[in-house]
Amino acid sequence: MTSATATAHPNIALVKYWGKRDSDLNLPATGSLSMTLDIFPTTTTVTVDDAADGDVLVFGGVMRSDGPAQRVTRFLDLVRQLAGSDRFARVETANTVPSAAGLASSASGFAALALAASAAYGLDLDVPALSRLARRGSGSASRSIIPGFAVWHAGDDDTTSFAEPLDAPDLAMVVAMVEKREKPVSSREAMRRTILTSPYYRAWVESTAETLDAAVLACADGDVDRLGRITEVNALRMHALIQSCDPPIRYLTPVSVEIFDRVAALRESGVGAWATADAGPNVVVLTRPDDVPAVTAALSGLAELAVARPGPAAALTGRAHG
Ligand code: DP6
């Protein structure tokens, strides 16, 4: 038996990934830009077992055989193919972020799994190859391999679509956890519906490609205000796009909208703060580290808050041969 343990952190996109041009290879319609957080890690141990007659998934201490287990087995099939192995594995994983609440648990989950599984199966992948592998599990996971800020390139094909580090100004995020229950429509299903039914999808793809270039430039210039404005506009465009599906999907709740309004009021009072939200009701506020107290004060009473700074790369924390 060989086992490997890895940790990875969630990331929050400033320029969102929403839409695939190839769902088998999980190639995105556009590139995206994110910050990996220093909170809410996922820890995953993969044990390759000669004697096992199937993969086993233990998620937060509970043995699973439903959807998540099938997704993990499909992912392990990719790793086995790369490693030339036909052995099964036991995967034990635990999140410290509420699962499926729109707080990127699939990003930290598949980043940790990519690293632990590749090590347990004896693969020695460089960072771009790991990012590509994580991408196959969940697109946003490609970015959780990278510390701090990352750009995931749309790429031309499987070999060129991976995330890379990006220098960015000093920033913090205040995570407002509006709801912790599972979201009603998964981001995967919502993306599929968007592509099939929204008349705005093409405009989203075209404008987001331009938005990404502008965001990369704002990072290079160290221009926090410009990056913040880009972040909020891009998030609201994504949510407008999602609401334009048929049947429509709306992830933001009245409390989420109230948070966007309070952040706008903060800006009126001179504090640099900009809101974003993934495919769920939680809102994340981008701000300068010095302005975190002003942001938390403005949001107090609306939601449970957590403060994040740029976090570490996905890392191997243990290996064992038995
Ligand atoms: C709204 O990475 O979860 O968080 O590739 O289908 O697994 P799949 O999708 P996923 O989608 C994330 C969408 C988002 C935006 C983002 O993180 O860029």
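- Among L227, V284, I230, the single residue meeting the side-chain contact (heavy atoms from CB on, under 4.5 Å) criterion with L14 is L227.
- Note that CE of M191 is 4.0 Å distant from OH of Y17, once rounded to the nearest 0.5 Å.
- Under the 4.5 Å side-chain criterion, counting only non-hydrogen atoms from C-beta, D278 is not in contact with S187.
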side-chain hydrogen bond (donor to acceptor under 3.5 Å, both in side chains) between T208 and T30: does it pass, once the steps are laid out? CA-CA 7 Å; T208 299; T30 67; 5.2 Å; no

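- The residues D225 and R288 are annotated as salt-bridged, a charged nitrogen and a carboxylate oxygen being separated by less than 4.0 angstrom.
- Looking at F149 and N11, their side chains never come closer than 4.5 Å, going by heavy atoms from C-beta outward.
- Side-chain contact, S3 with T45: no donor N or O sits under 3.5 Å from an acceptor N or O.
- Neither W274 nor V307 shares a network with the other; the hydrophobic side chains, linked directly or stepwise wherever heavy atoms of I, L, V, M, F, W or Y lie under 4.5 Å apart, form separate groups for each.
- Two residues are said to be in side-chain contact when any heavy atoms from C-beta on lie closer than 4.5 Å; E92 and T5 fail this criterion.
- V175 and V283 are members of different hydrophobic clusters when ILVMFWY side chains are connected at heavy-atom separations under 4.5 Å.
- The environment of CZ in R21 is crowded: more than 12 heavy-atom neighbours from other residues, nucleotides or ligands sit within 6.0 Å.
- The cluster map of Ile, Leu, Val, Met, Phe, Trp and Tyr, joined by side-chain heavy atoms under 4.5 Å apart, puts L299 and L37 in different clusters.
- By the criterion of side-chain heavy atoms lying less than 4.5 angstrom apart, applied directly or through intervening Ile, Leu, Val, Met, Phe, Trp or Tyr residues, I195 is grouped together with V205 in one hydrophobic cluster.
- Proximity of V216 to L33: side-chain heavy atoms (C-beta onward) are separated by under 4.5 Å at one or more points.
- Hydrophobic clustering of Ile, Leu, Val, Met, Phe, Trp and Tyr side chains at less than 4.5 Å, counting indirect connections, keeps V285 apart from F40.
- Checked for salt-bridge contact, D77 and R80 meet the test: a charged N lies under 4.0 Å from a carboxylate O.
- Atom CG of L212 and atom NZ of K16 lie 13.0 Å apart (nearest 0.5 Å).
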Kindly indicate, with the supporting measurements, whether the criterion side-chain hydrogen bond (donor to acceptor under 3.5 Å, both in side chains) is fulfilled by T47 and D49. CA-CA 6 Å; T47 305; D49 185 348; over 6 Å; no

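- S256 contributes a side-chain N or O that, together with a main-chain N or O of P281, makes up a donor-acceptor pair within less than 3.5 Å.
- No side-chain heavy atom of S131 sits under 4.5 Å from any side-chain heavy atom of E164.
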